[in-house]
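Just so we're on the same page: letters track the sequence lines, and every chain starts at 1. This one's a predicted model, so the numbers in the text were calculated from it and none came from an experiment. When reading the values below, keep in mind they use all heavy atoms of this one structure, side chains included, and skip hydrogens, waters and symmetry mates.
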Amino acid sequence: MLDEMKIGVLALQGAVEPHMKAIAGCGYEPVAVKTAERLDQVKGLIIPGGESTTVGKLLERFGLDTLIKERVAVGMPLYGTCTGMILMAAEIVGSTQHRLGLMATTVKRNAFGRQVDSFETDLDICGIEGGPFRAIFIRAPYFEALGSGVEAMAEVHGRVVMARQGNMLASAFHPELTDDLRVHRYFAAMVEESLGEGAKAQRH
Amino acid sequence: MVMEERSTWRTKIGLAEMLKGGVIMDVTTAEQAKIAEDAGAVAVMALERVPADIRAQGGIARMADPLKIKEIMNVATIPVMAKARIGHFVEAQLLESLGVDYIDESEVLTPADEAFHIDKLKFKVPFVCGCRDLGEALRRIGEGAAMIRTKGEPGTGNIVEAVRHMRSVMADIRRIQNMPDEELMAEAKNLGAPYDLVLEVKKLGKLPVPNFAAGGIATPADAALMMQLGAEAIFVGSGIFKSDNPPLRAKAIVDSATHFDDPDVIARASEGIGEAMAGLDICKIPEEELLARRGW
């Protein structure tokens with residue numbers, strides 16, 4: 001049964017609801033994750049947009065950072081939008097803020113400017129079919145550098161704004177603020193894959 | 001073909017979406033901005049005096065000195081908001097040119113226009129406005145506000161008005177949801193609200209923009225109360241830097257906004273954080289000094 005597969009959205013702070021809707025729209029059960037118990041239930045996790053300094057501190061204060069790292073280490077897919085992408089990076093330019101540091105990436109915060117510079121644009125995403133994706137960037141970061149094992153998936157003005165490293169996916173833009181579900185479907189497919197053939201057969 | 005557009009309605013609402021579940025704190029110096037960010041604020045509101053001081057000192061309250069706003073923008077990595085007087089579109093133009101991330105067209109400052117609010121659709125920078133009820137909220141959204149907050153009664157440390165305003169907004173939303181379509185035009189007339197926005201409220205079951213709380217929040221429990229009543233994030237004005245221990249109180253209010261539905265966490269967050277700001281009884285404030293009455 002498809003409805004048994006739960007995908008979580010970290011709900012400490014930020015745009016949780018639009019991701020929950022997108023997950024439901026893809027036919028999976030969304031779970032708002034604020035506690036260890038909830039994290040245990042999900043097969044994949046999205047870190048939504050929010051303020052990275054705030055979410056980083058709350059992850060540490062409520063002890064979820066270690067638990068998320070442990071899950072990702074044993075294969076749980078993780079997708080970060082904006083704040084999520086920042087918190088997943090090993091390096092953040094000019095900042096010592098608290099982070100998960102899981103991806104071999106260097107990220108620059110507020111890299112396109114302040115709020116008046118926030119923009120939307122059509123983006124070609126490698127690995128996502130069906131034409132350009134309308135991408136919304138809000139005080140967005142970009143990848144300044146990608147380490148080994150990290151594949152760039154999309155670029156704006158010559159800057160990488162989406163990348164994947166194994167079971168980890170990160171984007172500087174917000175697919176959850178549009179009605180286009182293709183990025184969420186791509187992540188859901190990563191979650192399906194991570195469960196392996198055995199688990200899939202059991203569920204169907 | 002790549003169509004790139006800046007400052008769209010979606011990017012304006014989008015920033016408000018990113019602030020949800022968070023706490024926006026009033027700060028008057030770069031040092032306070034740092035304390036707010038370290039405590040976990042999602043944004044700061046740069047101003048010259050907090051509402052409690054504006055109330056105590058009297059006089060005309062205006063937009064803050066641009067130098068002060070720039071100092072705060074230089075230290076904060078989180079969004080910086082600033083206040084313009086109601087109807088003072090030139091103050092808003094200056095704030096946009098400074099590059100602030102959000103403008104609060106605020107009743108905390110002395111209104112510049114008693115008849116008209118700012119035409120907010122003209123600006124690239126998004127606006128937040130206060131409201132006491134649904135009609136006022138929809139009028140401001142009609143003018144282009146991308147975020148709504150309750151007015152409450154700023155600078156009092158007294159939550160009663162914010163509760164009244166949030167309950168009124170939420171009750172009217174529930175009422176509209178249950179109305180047959182033929183009653184909605186009359187409802188728009190009674191509320192003094194744009195008809196298309198009344199239709200949207202019925203369809204969505206909520207405001208068409210994020211709905212935050214402000215005005216009188218002084219404790220972690222106050223923050224959680226507003227969230228449980230339906231607020232999606234919290235503004236704290238005087239409540240932090242007029243308290244005994246601003247860093248501890250700020251952190252406690254942040255924790256409580258996150259875990260607003262978990263009394264254990266809020267109880268722990270509320271322990272030993274010193275005295276809250278001294279409060280004011282709304283009944284003892286002369287009517288002409290009530291800030292929530294500014295704007296319409």
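With a 4.5 angstrom heavy-atom cutoff, Asn110(A) touches chain B only via side-chain atoms. Residue Arg109(A) touches chain B through its side chain alone, counting heavy-atom pairs closer than 4.5 Å. Residue Phe62(A) touches chain B through its side chain alone, counting heavy-atom pairs closer than 4.5 Å. Heavy atoms of Val265(B) lying under 4.5 Å from chain A belong exclusively to its side chain. In this structure, the portion of Ala41(B) lying under 4.5 Å from any heavy atom of chain A is its backbone and not its side chain. At a 4.5 Å heavy-atom cutoff, the contact between Leu12(A) and chain B is made by backbone and side-chain atoms alike.
The residues Lys108(A) and Glu144(A) are annotated as not salt-bridged, no charged nitrogen and carboxylate oxygen being separated by less than 4.0 angstrom. Salt bridge Lys251(B)/Asp255(B): present, at least one basic N to carboxylate O contact under 4.0 Å. The residues Glu17(B) and Lys20(B) are annotated as salt-bridged, a charged nitrogen and a carboxylate oxygen being separated by less than 4.0 angstrom. Between Asp122(A) and Arg134(A), at least one side-chain N (NZ, or NE/NH1/NH2) sits under 4.0 Å from a carboxylate O, which counts as a salt bridge. Salt bridge annotation for Glu96(B)-Lys124(B): absent, with no cationic side-chain nitrogen under 4.0 angstrom from a carboxylate oxygen. The pair Arg149(B)-Asp104(B) meets the salt-bridge criterion, since a charged nitrogen lies less than 4.0 angstrom from a carboxylate oxygen.
Residues from residues 86-97 of chain A never place a non-hydrogen atom less than 4.5 Å from a non-hydrogen atom of chain B. Within residues 30-38 of chain A, the residues having any heavy atom under 4.5 Å from a heavy atom of chain B are, by residue number, Lys34(A). Using a 4.5 Å heavy-atom cut-off against chain B, the contacting residues of residues 157-178 of chain A are His157(A), His174(A), Glu176(A), Leu177(A), Thr178(A). Of residues 47-56 of chain A, those residues lying under 4.5 Å from chain B by any heavy-atom pair are Gly49(A), Gly50(A), Glu51(A), Thr53(A), Thr54(A).
Per-residue heavy-atom pair counts under 4.5 Å with chain B were compared for Ser118(A), Ala135(A), Cys82(A), Pro18(A), and the maximum is reached by Ser118(A). Comparing Glu232(B), His259(B), Lys12(B) by heavy-atom pairs within less than 4.5 Å of chain A, the highest count is held by His259(B).
Distance check: Cys26(A) SG to Ile7(A) CD1 gives 7.5 Å after rounding to the nearest 0.5 Å.
A side-chain donor from one of Tyr28(A) and Glu192(A) sits under 3.5 Å from a side-chain acceptor of the other.
Using cut-offs of 30° and 60° for the angle between ring planes, the Phe112(A) and Tyr142(A) rings count as perpendicular.
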